[in-house]
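Report on the structure given below.
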There are 2 protein chains.
Amino acid sequence: MPKLGMEPIRKDALVKATITEIGRTGSLDVTVSQIAKRAGMSSALAHHYFGSKEDMFLAAMRHIMTIYGAEVRGALGVAQTPMARVEAIVVASFSPTNFRREAVGAWLNFWVLAQTVPQAKRLVAVYQRRLKSNLLVGLRPLAGARAEGIAEGLGALIDGLYLRQVLRPGAPDGAAAAQMARDYLAAHLPSAPQDHNR
Amino acid sequence: MPKLGMEPIRKDALVKATITEIGRTGSLDVTVSQIAKRAGMSSALAHHYFGSKEDMFLAAMRHIMTIYGAEVRGALGVAQTPMARVEAIVVASFSPTNFRREAVGAWLNFWVLAQTVPQAKRLVAVYQRRLKSNLLVGLRPLAGARAEGIAEGLGALIDGLYLRQVLRPGAPDGAAAAQMARDYLAAHLPSAPQDHNR
DNA sequence: GTTTTTGTTGATTGACGAGTCAATAAACTT
DNA sequence: AAGTTTATTGACTCGTCAATCAACAAAAAC
């Protein structure tokens, strides 16, 4: 009983299933059948819509980055001060949508994929560039020439917090991670007076 | 022409070859044959000395952690002040031995392995605990109650710097990474006066 | 109402790779 | 010198999985 216009629906289901399965198993060693099954179709159909497994992986990466990008853009839209802009990025990075178990697990594996697949490497590079440039818009008014280094460091810290989240048992604690990023900012920005005695 | 006492030699060669191959291909999808070939023997012999591929991976993890641990211990041995202790850990973390391409690439993949293999997860947990406790010894005299949070943050930052190194083209720049860690410390420690205008 | 397009799958192919085994040989033991 | 242990490998088994194909079904187009 084929309804028409299935393509986008099927593709969407496959992309989500890909993320779920990679996150669930914690590995890129997921079979197309597993993914297809979770998405409610045969593996042949998955191959029909995406040419190859690699294509599915890349689509899944793009999806994760799209969600993240949209959330950042949304938060940046309402930010008025430079500090609010930086804060918005931090909040978005550790929001329940992006910092959820599945997504973080998938993210780590995409990082690995980027070591092998040039396309994937390019996607990660895009993410890094965007993150840095977004941070810089907020940081430059606050830190001038030092903004560059702070953005680099904050980027690394965020990635590190993601990395560590992967192995932490239990529900992800985005609030704690975000607080760590804020502490980093507070310590590195000149204006905000620092309170080292608690 | 079998000479006796080959076991430790073969095992050592296999462990090193495992790290090399994982680092080279950037993936855990290396075949036992590849590893064995690089180590100069047949795949059957690799299976003879290690029961399974997983065993080889675990041995390789232990090897990397052992090298790292030894270097940290060595540097800590000669450190006199609390600050020197923390500095020693930073230096060791980004020393050419530990921060080399191969090792960092392998490290990332072991992180992935830890998502699937409980043994591997335990090893990473051990690394994290040791790092944190080593940092705390130096940080507590310097930061008191705040030491805990600083150690956690510095640990995440170090991991993040490793993570990012993986995708950076060209030779690894341990000096720059170490500097970033030092900046983190300088910004978070109360005593050292901060120079925000440069 | 026949032809084309779109959706769908079970079955098959073809490759690859982990782990086993039998066989060979050198060294140590008694 | 016969027997045991250690080293070593080529050949083989067995499973898995990405990708393809042939076939069927329903909607759309003509």
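Note on naming: letters A, B, ... go to the chains in the order of the sequence lines (proteins, then strands), and numbering restarts at 1 for each one.
- Closest approach of A:Val90 and A:Ala178 over heavy atoms only: CG1-O, 3.9 Å.
- Using a 4.0 Å cut-off between charged side-chain N and carboxylate O, A:Lys132 and A:Glu152 make a salt bridge.
- Each of D:dT20, C:dG7, C:dT9 was ranked by its minimum atom distance to the side chain of A:His47; first place goes to D:dT20.
- B:Leu45 has its CG atom 17 Å from the P atom of D:dA11, to the nearest Å.
- The A:Ala44 side chain lies nearest to C:dT9 when the options are D:dT9, C:dT9, C:dG19.
- In this structure, A:Ser43 reaches neither bases nor backbone, as no heavy-atom distance under 4.0 Å exists between it and the strands shown.
- The main-chain N or O of B:Met6 is never found under 3.5 Å from a side-chain atom of B:Tyr49 such that the two would form a donor-acceptor pair.
- Ring geometry, B:Tyr184 versus B:His188: the interplanar angle falls under 30°, so the pair is classed parallel (tilted spans 30 to 60°).
- Among C:dT8, C:dT6, D:dA18, the nucleotide with an atom closest to any side-chain atom of A:Lys53 is D:dA18.
- Residue B:Thr31 is in sugar-phosphate contact alone, with no base atom involved, counting any heavy-atom pair closer than 4.0 Å across all strands shown.
- Applying the 4.0 Å criterion to OP1 and OP2 of D:dT6, one finds that B:Arg10 has every side-chain N and O outside that range.
- The interatomic distance linking B:Glu54 (CD) with C:dA18 (C1') rounds to 12 Å, in whole Å.
- For A:Arg73, the CZ atom sits in a loose shell: 12 or fewer heavy atoms of surrounding residues, nucleotides or ligands are nearer than 6.0 Å.
- Residue whose closest nucleotide on DNA chain D sits further toward the 5' end, between A:His48 and A:Asp29: A:Asp29.
- Out of C:dG19, C:dT9, D:dT6, the shortest distance to the side chain of B:Leu4 is found at D:dT6.
- Atoms CD (B:Glu7) and C1' (C:dC28) sit 17 Å apart, rounded to a whole Å.
- Residue B:Met41 contributes atom CE, which lies 16 Å from atom P of C:dG19 at whole-angstrom precision.
- When the side-chain nitrogen and oxygen atoms of B:Tyr49 are compared with OP1 and OP2 of D:dT8, one or more of them lie within a distance under 4.0 Å.
- Straight-line distance from the CG atom of A:Asp55 to the C1' atom of D:dA19: 13 Å, rounded to whole Å.
- Between the CE atom of B:Met56 and the C1' atom of C:dA18 there is a distance of 9 Å, rounded to whole Å.
- In this structure, the CZ atom of A:Phe50 is 16 Å from the P atom of D:dT20, given to the nearest Å.
- Contact annotation for B:Gly51: no contact, since no heavy-atom pair falls under 4.0 Å across all strands.
- Rounded to whole angstrom, the span from the NZ atom of A:Lys37 across to the C1' atom of C:dT8 amounts to 18 Å.
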